[in-house]
Amino acid sequence: MKKIKYLLVVLIISGILTLGLSYSFKVRIKEYNNNDFKIKYDTTWKITDKKKRLELEHKKSGSVINIQCKILDKSYMDTKLKDIILDIKDSIEDQNKEYKLININNDYSFNYDSYSYLYENEEFQTLVSIYKKDNKIIFIYYEADSEYYDVVLDSAENIFSSLEIMTGELIK
């Protein structure tokens with residue numbers, strides 16, 4: 001009787017490990033790049049390249065990441081993000097009046113001059129991260145239902161941390 005229980009336990013553990021390994025092989029890392037930026041994302045996200053922005057939708061939760069690039073005038077080439085961030089933040093808040101600011105972080109990325117703002121309303125949480133390199137500003141919006149925000153956050157942060165901004169226009 002003990003041998004049957006032992007065999008049954010071994011079969012169950014083997015089945016669980018097999019399912020876990022087969023699932024991990026289904027999730028792959030892909031890369032997207034254009035003339036402005038490059039990111040890496042896993043296959044739990046569906047990617048849609050729109051003309052002015054890139055959209056990633058999480059297949060299970062419906063969470064969304066939007067990435068946009070804005071090219072600044074040459075006069076902003078050497079301007080630090082901290083010198084223009086208040087205007088950007090005011091613009092974001094004017095467009096999203098129903099959101100309440102709950103956290104600011106200006107140390108989000110060590111690779112680029114950057115800031116991030118966490119907003120919430122009754123149903124959603126939105127993380128807005130802003131990165132600057134040369135005369136390019138990249139906006140990344142991660143929005144998720146409050147129920148899924150923390151669940152998908154690690155995957156979203158992997159996308160954020162993989163961001164590589166292509167060099168902007170050089171000063172001659």
Side-chain angles (χ1 to χ4, degrees), residues 26-73 76 79-169:
K26 289 181 183 178
V27 176
R28 292 196 172 87
I29 302 298
K30 292 187 172 184
E31 188 174 284
Y32 170 89
N33 75 54
N34 60 23
N35 292 332
D36 297 316
F37 62 88
K38 182 188 316 185
I39 60 160
K40 293 180 182 171
Y41 63 98
D42 65 58
T43 55
T44 61
W45 295 89
K46 176 186 166 197
I47 191 166
T48 307
D49 189 353
K50 310 235 175 171
K51 290 188 180 204
K52 299 274 185 185
R53 64 184 167 89
L54 178 69
E55 181 177 288
L56 295 97
E57 182 178 349
H58 193 260
K59 293 176 182 175
K60 293 192 179 189
S61 71
S63 303
V64 176
I65 294 176
N66 282 302
I67 305 174
Q68 295 178 314
C69 178
K70 301 288 183 190
I71 308 296
L72 299 172
D73 185 78
Y76 288 99
T79 304
K80 296 285 185 197
L81 184 57
K82 71 178 184 171
D83 296 332
I84 57 175
I85 196 67
L86 288 178
D87 291 337
I88 294 170
K89 179 182 165 284
D90 289 344
S91 176
I92 291 169
E93 291 175 359
D94 283 346
Q95 295 172 21
N96 300 288
K97 293 188 185 292
E98 71 278 1
Y99 280 86
K100 176 184 162 194
L101 179 64
I102 58 175
N103 191 23
I104 299 171
N105 187 353
N106 68 344
D107 212 8
Y108 193 78
S109 168
F110 298 109
N111 298 327
Y112 303 105
D113 197 5
S114 65
Y115 283 80
S116 64
Y117 297 90
L118 180 60
Y119 295 93
E120 71 178 357
N121 69 12
E122 291 179 16
E123 299 173 24
F124 295 97
Q125 289 184 312
T126 302
L127 179 63
V128 179
S129 292
I130 304 156
Y131 305 86
K132 182 178 182 301
K133 180 178 179 184
D134 301 330
N135 66 329
K136 289 185 180 179
I137 292 188
I138 303 290
F139 296 91
I140 303 181
Y141 302 86
Y142 163 57
E143 183 170 81
D145 185 286
S146 294
E147 175 182 348
Y148 294 111
Y149 181 84
D150 289 332
V151 174
V152 183
L153 184 60
D154 283 344
S155 180
E157 285 181 335
N158 286 337
I159 294 170
F160 288 24
S161 66
S162 75
L163 176 69
E164 183 180 330
I165 303 172
M166 305 307 166
T167 301
E169 188 172 331

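Rounded to the nearest 0.5 Å, atoms CD (Glu57) and NZ (Lys46) are 6.0 Å apart. With rounding to the nearest 0.5 angstrom, the OG atom of Ser162 is 11.0 Å from the OH atom of Tyr41. Between the CD atom in Glu98 and the CG atom in Asn121 there is a gap of 6.0 Å [rounded to 0.5 Å]. For the atom pair OH (Tyr141) and CD1 (Ile92), the distance works out to 5.0 Å, reported to the nearest 0.5 Å. The distance from atom CG of Leu56 to atom CG of Asn66, rounded to the nearest 0.5 Å, is 8.5 Å. To the nearest 0.5 Å, atom OG1 of residue Thr126 and atom CD of residue Glu120 are 10.0 Å apart.
Put simply, the side chain of Leu72 reaches to within 4.5 Å of the side chain of Ile84, judged on heavy atoms. Between Val152 and Thr44 the shortest side-chain heavy-atom distance does not fall below 4.5 Å. Counting heavy atoms from C-beta outward, Ser61 and Val151 have side chains that stay 4.5 Å or more apart. Between Asp73 and Asn135 the shortest side-chain heavy-atom distance does not fall below 4.5 Å. Residues Tyr117 and Ile130 are in side-chain contact: their nearest non-hydrogen atoms beyond the backbone lie under 4.5 Å apart. Leu101 is listed as a side-chain neighbour of Glu93, based on a closest heavy-atom distance under 4.5 Å. Proximity of Asn96 to Val128: side-chain heavy atoms (C-beta onward) are nowhere separated by under 4.5 Å. Between Ile137 and Ile88, some side-chain heavy-atom pair lies under the 4.5 Å cut-off.
With sequence neighbours left out, the salt bridge (Lys or Arg N to Asp or Glu O under 4.0 Å) criterion links Glu164 to Lys38. In this structure, the salt bridge (Lys or Arg N to Asp or Glu O under 4.0 Å) partners of Lys97, at least two apart in sequence or on a different chain, are Asp94.
Between Tyr119 and Tyr99, the ring-plane angle classifies as perpendicular under the 30° and 60° cut-offs.
Judged by distance alone, the side chain of Lys132 and the main-chain N or O of Leu81 form no donor-acceptor pair under 3.5 Å. In this structure, the side chain of Ser146 engages the main chain of Glu123 through a donor-acceptor pair within 3.5 Å. Formation of a donor-acceptor pair under 3.5 Å by the Tyr115 side chain with backbone atoms of Ile85 is not found in this model. Not one N or O on the side chain of Ser129 forms a donor-acceptor pair closer than 3.5 Å with the backbone of Ile140.
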Exercise for the section: Kindly indicate, with the supporting measurements, whether the criterion side-chain contact (heavy atoms from CB on, under 4.5 Å) is fulfilled by Lys30 and Thr43. Expected result: CA-CA 7 Å; Lys30 292 187 172 184; Thr43 55; 3.8 Å; yes
Practice task
Take Ile102 and Gln125 through the test side-chain contact (heavy atoms from CB on, under 4.5 Å) and record every step on the way to the result.
Solution key: CA-CA 10 Å; Ile102 58 175; Gln125 289 184 312; 4.2 Å; yes
Problem - side-chain contact (heavy atoms from CB on, under 4.5 Å) assessment of Tyr148 paired with Lys60 - result: CA-CA 10 Å; Tyr148 294 111; Lys60 293 192 179 189; over 6 Å; no
Problem - Evaluation steps, side-chain contact (heavy atoms from CB on, under 4.5 Å), between Phe37 and Tyr32 - result: CA-CA 8 Å; Phe37 62 88; Tyr32 170 89; 3.9 Å; yes
Exercise for the section: Could you walk me through whether Lys136 and Asp36 pass the salt bridge (charged side-chain N to carboxylate O under 4.0 Å, His left out) test, one step at a time? Expected result: CA-CA 8 Å; Lys136 289 185 180 179; Asp36 297 316; 3.1 Å; yes
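Closest approach of Tyr149 and Ala144 over heavy atoms only: CA-CB, 3.7 Å. The nearest pair of heavy atoms linking Phe139 to Lys70 is CE1-CG, 3.5 Å. Smallest separation of non-hydrogen atoms from Leu54 and Asp49: CD1-CA, 4.0 Å.
Applying the 6.0 Å contact sphere to CD of Glu31 captures more than 12 heavy atoms from other residues, nucleotides or ligands. Atom NZ of Lys100 has 12 or fewer neighbouring heavy atoms from other residues, nucleotides or ligands inside a 6.0 Å radius. When the shell of 6.0 Å around NZ of Lys40 is examined, it contains 12 or fewer heavy atoms from other residues, nucleotides or ligands. Other residues, nucleotides and ligands contribute only 12 or fewer heavy atoms inside 6.0 Å of the CG atom of Leu86.
For the residue pair Tyr142/Glu157, the side-chain donor-acceptor check at 3.5 Å is not satisfied.
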